[in-house]
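Let me begin by presenting the structure, written as structure tokens, before commenting on it.
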There are 2 protein chains.
Amino acid sequence: MKIDPDNKADLSAQIAQAIRDAIVSGDMIVDERLPSEAELADQFNVSRPTVREALKRLAAQSLIRTQRGAFGGAFVNRLSYEEAYGQQITTATLLLSMNAVSFDVACEARYALERACTPLAAERRTPDHLATMRAEIHRQGQPGLSDESFCASDVTFHRALVDAAGNPVLSYQLAGAVEAMQPLMNMITFTARSREEIVGFHSRIADAIEAKNGPAAQTALRELESYTLHLARGVMEARLHKSRPAG
Amino acid sequence: MKIDPDNKADLSAQIAQAIRDAIVSGDMIVDERLPSEAELADQFNVSRPTVREALKRLAAQSLIRTQRGAFGGAFVNRLSYEEAYGQQITTATLLLSMNAVSFDVACEARYALERACTPLAAERRTPDHLATMRAEIHRQGQPGLSDESFCASDVTFHRALVDAAGNPVLSYQLAGAVEAMQPLMNMITFTARSREEIVGFHSRIADAIEAKNGPAAQTALRELESYTLHLARGVMEARLHKSRPAG
DNA sequence: TGCTTTTAAAATGTCAGACATTTAAATGTA
DNA sequence: TACATTTAAATGTCTGACATTTTAAAAGCA
């Protein structure tokens with residue numbers, strides 16, 4: 001594990017990259033302990049603060065975890081699905097907000113991914129998944145539910161649908177797309193009428209999944225996508241008129 | 001922007017979180033300059049090295065970039081798709097290798113996501129996308145191509161397919177799944193016969209996309225998935241027998 | 001001997017201050 | 001005016017120190 005002395009980039013970045021490579025390539029295995037900060041500083045011929053900056057970079061990516069005390073140190077971290085979800089969501093959220101991805105594009109991606117899960121979900125769904133979906137549908141029908149809670153319930157419903165596919169990689173991939181869209185969804189104020197419609201779609205989806213009818217679920221999802229887009233466009237238009245009252 | 005003095009966690013982690021929140025929530029906008037390290041140190045009542053560790057954490061997530069010199073400093077970074085791809089790929093690769101996701105699961109996820117793109121790709125593909133796909137198919141037919149190059153070409157082909165959908169969010173989502181699987185794919189040694197078959201599937205997919213026939217492309221993808229799984233199982237089995245020659 | 005308490009050591013976490021390097025603006029000069 | 005020089009502000013790095021946490025070993029005691 002060496003660094004290029006001619007490189008102009010930050011030493012801490014180079015060191016982080018060297019260690020990252022060692023981890024990703026499998027040279028360092030899960031739970032293996034890295035040399036202490038002092039030892040790393042010696043190895044790379046840098047000071048301890050520089051090494052620490054490098055380690056913090058890796059910690060930010062959940063590649064390592066640190067433990068204080070004697071026989072503590074930095075250890076290669078087993079990346080859990082939870083941590084991966086978190087990073088995925090942060091990245092997706094930023095990507096959506098900063099690149100000003102349109103609602104249409106995000107919506108399209110989300111439902112396309114979700115439809116990819118439905119055939120598997122229809123095949124493999126457990127009573128647990130169905131129960132979660134039914135419970136959320138029930139909650140969504142409650143009057144007095146805030147828009148935020150309605151959206152949160154919506155997310156839970158769709159996650160249950162995705163999880164029903166029984167493929168953690170798909171769940172991980174979709175977590176970002178679905179959760180990153182939540183702020184955008186929250187901007188939509190759901191009238192009683194639109195909630196009723198959405199609950200209808202959800203019921204159709206749950207029914208289809210229960211009946212192991214993948215294509216029916218896909219059709220319902222497709223219609224839900226159209227409806228969501230329709231709602232969003234209404235909101236955008238209203239906002240546009242509001243900001244230009246003369247036009 | 002404040003931190004909890006009673007919190008036991010690393011100060012640098014808390015500071016990073018505070019700044020991250022400010023960025024994600026939109027309190028700090030793209031290209032806005034953060035206070036200098038010295039000023040941040042004052043604000044948070046910590047030393048400069050601690051602030052620096054926090055900033056390195058954010059830099060590792062591409063949330064900020066730093067610039068040296070007068071009027072330099074840390075700036076809120078516009079997360080580019082390229083950077084997001086990179087992080088996505090690193091995370092997905094680790095997730096696959098560390099959690100020992102089976103080839104079957106990864107394969108299933110990849111093709112499910114890819115099939116989600118095909119209807120859009122069939123609708124929107126440009127001559128450019130078709131040309132890329134054809135070029136890669138041609139390359140894959142060349143004798144003397146190494147397995148690594150064959151796999152790389154395979155990745156390029158599938159990325160072109162995904163990009164043809166014209167939805168950057170989908171492209172981003174899939175980059176991880178497809179590229180993270182490459183090391184696993186590289187383990188498979190492709191015989192002349194299997195290459196021929198794969199090229200056949202690829203041609204069918206390209207033809208279907210060109211003909212704007214989404215369902216046909218999906219069918220071909222489904223068969224390609226089965227075939228890939230078949231090849232992989234053969235390799236796994238051979239490896240198993242090799243490691244237990246007595247059995 | 002066996003258990004509990006104390007102690008010491010090793011590691012990370014934090015701080016202070018200094019110097020090096022880079023960069024762009026401000027200044028001076030032909 | 002155009003170019004070279006200076007200067008100031010910021011990050012990058014180093015040294016050395018102290019604080020805190022944690023564990024293992026040593027010491028003390030029944």
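Hydrogens, waters and symmetry mates are skipped; everything else that's a heavy atom, side chains included, is used. Labels below follow one simple rule: chain letters A, B, ... track the order of the sequence lines, proteins then strands, and each chain is numbered from 1.
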Scan nucleotides 15-18 of chain D against the protein and return all N/O pairs shorter than 3.5 Å with their distances rounded to 0.1 Å.
from: D:dA17; atom 1: N6; to: A:Arg48; atom 2: NH2; distance (Å): 3.4

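- For the side-chain contact (heavy atoms from CB on, under 4.5 Å) test, residues two or more places apart in sequence or in another chain that qualify with B:Ser146 are B:Glu148, B:Ser149.
- No side-chain donor-acceptor contact under 3.5 Å links A:Glu136 and A:Thr156.
- At whole-Å resolution of the value, CG in B:Leu11 and P in D:dT21 are 12 Å apart.
- Under a 4.0 Å N-O distance rule, the pair B:Arg110/B:Glu114 qualifies as a salt bridge.
- Counting only residues at least two apart or on different chains, the ring-ring contact (aromatic ring centres under 6.0 Å, His included) pairs with a member in residues 147-182 of chain A are A:Phe150-A:Phe190, A:Phe157-A:His202, A:His158-A:His202.
- Residues from residues 52-60 of chain B lying near DNA chain C, meaning a heavy-atom separation below 4.0 Å, are absent.
- Applying the ring-ring contact (aromatic ring centres under 6.0 Å, His included) definition to pairs two or more places apart or across chains, none involves residues 59-107 of chain B.
- Bracketed by its first and final contacts, the part of DNA chain C lying under 4.0 Å from non-hydrogen atoms of chain A reaches from C:dA9 to C:dT22 in 5' to 3' order.
- Residue pairs satisfying the salt bridge (charged side-chain N to carboxylate O under 4.0 Å, His left out) criterion with at least one member in residues 60-71 of chain A, sequence neighbours excluded, are listed as follows: A:Asp31-A:Arg65.
- Evaluation of the side-chain hydrogen bond (donor to acceptor under 3.5 Å, both in side chains) rule for A:Glu32 yields no partner, not counting sequence neighbours.
- Pairs of residues two or more places apart, or lying in two chains, that qualify as salt bridge (charged side-chain N to carboxylate O under 4.0 Å, His left out) and include a residue from residues 86-106 of chain B are B:Asp104-B:Arg233.
- A:Ala16 approaches A:Leu58 most closely through the heavy-atom pair O-CD2, 3.5 Å.
- Place B:Ala38 and A:Asn45 on DNA chain D by their nearest nucleotides, and B:Ala38 ends up nearer the 5' end.
- B:Gln87 and B:Ser62 are linked by a side-chain donor-acceptor pair at a separation below 3.5 angstrom, with hydrogens and angles left out of the test.
- The side-chain hydrogen bond (donor to acceptor under 3.5 Å, both in side chains) search around B:Asn45 returns none, not counting sequence neighbours.
- A donor-acceptor distance shorter than 3.5 angstrom exists from the side chain of B:Thr93 to the backbone of B:Ile89, with no hydrogens or angles considered.
- In this structure, the side-chain hydrogen bond (donor to acceptor under 3.5 Å, both in side chains) partners of A:Glu108, at least two apart in sequence or on a different chain, are B:Arg124, B:Asn167.
- Within residues 63-75 of chain A, the residues having any heavy atom closer than 4.0 Å to DNA chain D are, in order of number, A:Arg68, A:Gly69, A:Ala70, A:Phe71.
- For the pair A:Phe44 CZ and D:dG12 P, the computed distance is 19 Å after rounding to whole Å.
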